Amino acid sequence: MKAIIYGIGKRYRELCQEFDKNKIEVVGFADGNSNVIGSKIKYNNATYEIGSIDQFDKFEYDKILVTTEKYYEEIQEQLIKKGFEKENILLIEKLFADNLFHIQYFENKTGIEIGGPTVLFSHIYKKCKVCDGVDFCSQTVWNTSEGKGFRYADKLLGQSFITEATDMYQIKDKSYDFVLSSNNLEHIANPLKALREFSRIVKKGGAVLVVVPMKERCFDHNRSYTTFEHLTEDFFNEIGENDLTHLYEIIEKHDYDMDVACGGKDKFIKRAKKNIENRCLHHHVFNEETLRKAFDFAELDVIDFAEIQNNWLIIGQRR
């Protein structure tokens, strides 16, 4: 994609490192502020002069990418009045989100989220047709869904199912176009069993998107990565969600200073021993190798593996 970057402020500096990652060929930089126009800007070891959008030949680029969400609609309206086509004026962060999530697997599709909802998937909620939800009980530490359906920011996304992620017996095979799971898989004692369920309920060619925390950036940073071999042992030994095999390791290596909300070691231990009721423990610590092997085990072909904030994101397509 060849693009003009419109709006050279703080958001530009935060976003510019994403241009190459999103395969954007930057043709030039523009701004509506007359005080900025004519000044110089460095990008990829080259120097550009910031111009008015009218100075650029429309045949040189495909899209105008606006960096500021706050003034996006105002800028879009101004550019439309100048004769630019609406569909070619994009908010750059939405474009990044579309690319990151491979939005074609979710747009106007029917899906389900295991756990959640989460702000990480807010862009998908806006694009999808329906998103149902699954939780192990109606009132969790993170969400209350009893009698209200699956909601995000007071918007009804779909219906709610109360069941284990490892045994979604109410849901028929191949019921959904996609499955979402954010910061959820690490809370499941038998993640391969859960992933097999995710795969079972999604249609052939549909997507499973899983987000898990990066251990280096959370209170698990002292722990070792869980191997795929360990996960397969748990799967074939039919480990249940009442399992506390990793409790001693978690207690000893948990960074309590990074987890202020737990209330300290004593309160953490008391809560952890009742994990079957609250599901707060991180049973496993994932890296790319284990996640890719886990997806293959669940008959999911990996489409992408990426970083999102302090998490790993992996998307797979059902075979």
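Small disclaimer: the values here were computed from a predicted structure and weren't measured.
Once rounded to the nearest 0.5 Å, the distance linking CD of E73 with CD of Q78 reads 12.5 Å. One distance of note links CD1 of I315 with CZ of F295; it measures 8.5 Å at 0.5 Å rounding. The line from CD of E25 to CG of D20 is 10.5 Å long, rounded to the nearest 0.5 Å. R279 CZ to C137 SG: the interatomic distance, rounded to the nearest 0.5 Å, is 7.5 Å. Rounded to the nearest 0.5 angstrom, N287 CG and E216 CD are separated by 9.0 Å. Atoms CD1 and OG1, from I8 and T67 in turn, are 6.0 Å apart once rounded to the nearest 0.5 Å.
Look at K193 and E197 and you find no salt bridge, because none of the NZ, NE, NH1 or NH2 atoms lies under 4.0 Å from a carboxylate O. Here K82 does not pair with E77 in a salt bridge; the nearest charged N to carboxylate O distance is not below 4.0 Å. Between R319 and D296 there is a salt bridge, since at least one side-chain N of the basic residue sits less than 4.0 Å from a carboxylate O of the acidic one. Between K127 and D98 there is a salt bridge, with a side-chain nitrogen of the basic residue lying less than 4.0 Å from a carboxylate oxygen of the acidic one. With respect to D220 and R223, a salt bridge is recorded, a charged nitrogen being found less than 4.0 Å from a carboxylate O. A salt bridge links E49 with K40: the closest approach of a Lys/Arg side-chain nitrogen to an acidic carboxylate oxygen falls below 4.0 angstrom. A salt bridge does not link K2 to D62: none of the charged side-chain nitrogens sits closer than 4.0 Å to a carboxylate oxygen.
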**Message:** Walk me through whether H123 and F106 qualify under ring pair (Phe, Tyr, Trp, His ring centres under 6.0 Å).
**Reply:** CA-CA 10 Å; H123 187 67; F106 309 98; over 10 Å; no
**Request:** Let me see the working for E277 and K274 under salt bridge (Lys or Arg N to Asp or Glu O under 4.0 Å), right down to the final yes or no.
**Result:** CA-CA 6 Å; E277 299 174 15; K274 296 181 178 179; 5.2 Å; no
**Request:** Give the intermediate values and the outcome of side-chain contact (heavy atoms from CB on, under 4.5 Å) for residues L65 and Y12.
**Result:** CA-CA 10 Å; L65 303 182; Y12 156 73; over 6 Å; no
**Asked** L180 and I124: side-chain contact (heavy atoms from CB on, under 4.5 Å), yes or no, with the steps?
**Response** CA-CA 10 Å; L180 303 174; I124 293 177; 4.0 Å; yes
**side-chain contact (heavy atoms from CB on, under 4.5 Å) evaluation trace for Y225 with T290** = CA-CA 9 Å; Y225 290 117; T290 297; 5.6 Å; no
**Asked** Stepwise, does the side-chain contact (heavy atoms from CB on, under 4.5 Å) test hold for L157 with V130?
**Response** CA-CA 6 Å; L157 300 174; V130 172; over 6 Å; no
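Between E186 and P213 there is a side-chain heavy-atom pair separated by less than 4.5 Å. In this structure the side chain of I24 reaches within 4.5 angstrom of the side chain of L95, judged on heavy atoms. C280 is listed as a side-chain neighbour of W142, based on a closest heavy-atom distance under 4.5 Å. For the pair T232 and F228, the minimum side-chain heavy-atom distance is below 4.5 Å. Taking the side chain as every heavy atom from C-beta outward, H221 and M258 approach each other to under 4.5 Å. Within the 4.5 Å cutoff, the side chain of Y6 has heavy atoms near those of the I75 side chain. Side-chain contact between N183 and V211: present, with at least one pair of heavy atoms (C-beta onward) separated by less than 4.5 Å. Considering only heavy atoms from C-beta on, D304 comes within 4.5 Å of H102 through its side chain.
Proximity of the aromatic rings of W312 and F305 is defined here by a centroid distance below 6.0 angstrom, and this criterion is met. Aromatic ring centres of Y105 and F178 lie farther apart than the 6.0 Å criterion allows. The six-membered or imidazole ring of F29 lies near that of Y43, with a centre-to-centre distance under 6.0 Å. Here H187 and H283 keep their ring centres 6.0 angstrom or further from each other. You'll find the ring centres of H246 and H284 inside the 6.0 Å limit. For F268 and Y256, the gap between ring centers is short of 6.0 Å.
Contact detail for Y48 and V26: the closest heavy-atom pair is OH-O, 4.0 Å. Across A298 and S199, no two heavy atoms sit closer than the pair O-OG, 2.7 Å. Nearest heavy-atom pair across I4 and A30 is CG2-CB, 3.9 Å. Counting all heavy atoms, side chain and backbone alike, L281 lies closest to A272 at CD2-CB, 3.7 Å. Across every non-hydrogen atom of S181 and F198, the tightest pair is CB-CE2, 4.0 Å. Residues I112 and I171 share a closest heavy-atom pair of CD1-CD1, 3.6 Å.
Applying the 6.0 Å contact sphere to CD of E87 captures more than 12 heavy atoms from other residues, nucleotides or ligands. The environment of CD in E69 is sparse: at most 12 heavy-atom neighbours from other residues, nucleotides or ligands sit within 6.0 Å.
Using a distance-only test at 3.5 Å, with no hydrogens or angles considered, no donor-acceptor pair links the side chain of S175 to the main chain of I201. Remark: the backbone N or O of K253 is paired with a side-chain donor or acceptor of N222 at under 3.5 angstrom. Although no hydrogens or angles enter the test, the distance criterion places no donor-acceptor pair under 3.5 Å between the side chain of D177 and the main chain of G206. No donor-acceptor distance shorter than 3.5 angstrom exists from the side chain of Y61 to the backbone of M1, with no hydrogens or angles considered. Using modelled atom types, no side-chain atom of R196 and backbone atom of E299 make a donor-acceptor pair closer than 3.5 Å. Between the side chain of T226 and the backbone N or O of F286 there is no donor-acceptor pair closer than 3.5 Å. The main-chain N or O of Q309 is found under 3.5 Å from a side-chain atom of R217 such that the two form a donor-acceptor pair. With hydrogens and angles ignored, the 3.5 Å screen pairs no side-chain donor or acceptor of D301 with any backbone N or O of G316. Counting only distance, with no hydrogens or angles, the side chain of T227 and the backbone of L231 share no donor-acceptor pair below 3.5 Å. Under a 3.5 Å cut-off, the side chain of N278 and the backbone N or O of R271 do form a donor-acceptor pair.
Relative ring orientation between F219 and H254 is described as tilted, the plane-to-plane angle lying within the 30° to 60° band. Below 30°, between 30° and 60°, or above 60°: for F121 and F101 the angle between ring planes is above 60°, a perpendicular geometry.
Checking N99 against N22 by side-chain atom types alone, a donor-acceptor pair falls below 3.5 Å. Judged purely by distance below 3.5 Å, without hydrogens or angles, the side chains of D132 and Y176 pair a donor atom with an acceptor atom. For N88 and K63, the side-chain atoms include at least one donor-acceptor pair closer than 3.5 Å.
Hydrophobic clustering of Ile, Leu, Val, Met, Phe, Trp and Tyr side chains at less than 4.5 Å, counting indirect connections, unites V66 with I80.
Under a cutoff of 6.0 Å and an axis angle of 45°, K155 and Y125 do not form a cation-pi pair.
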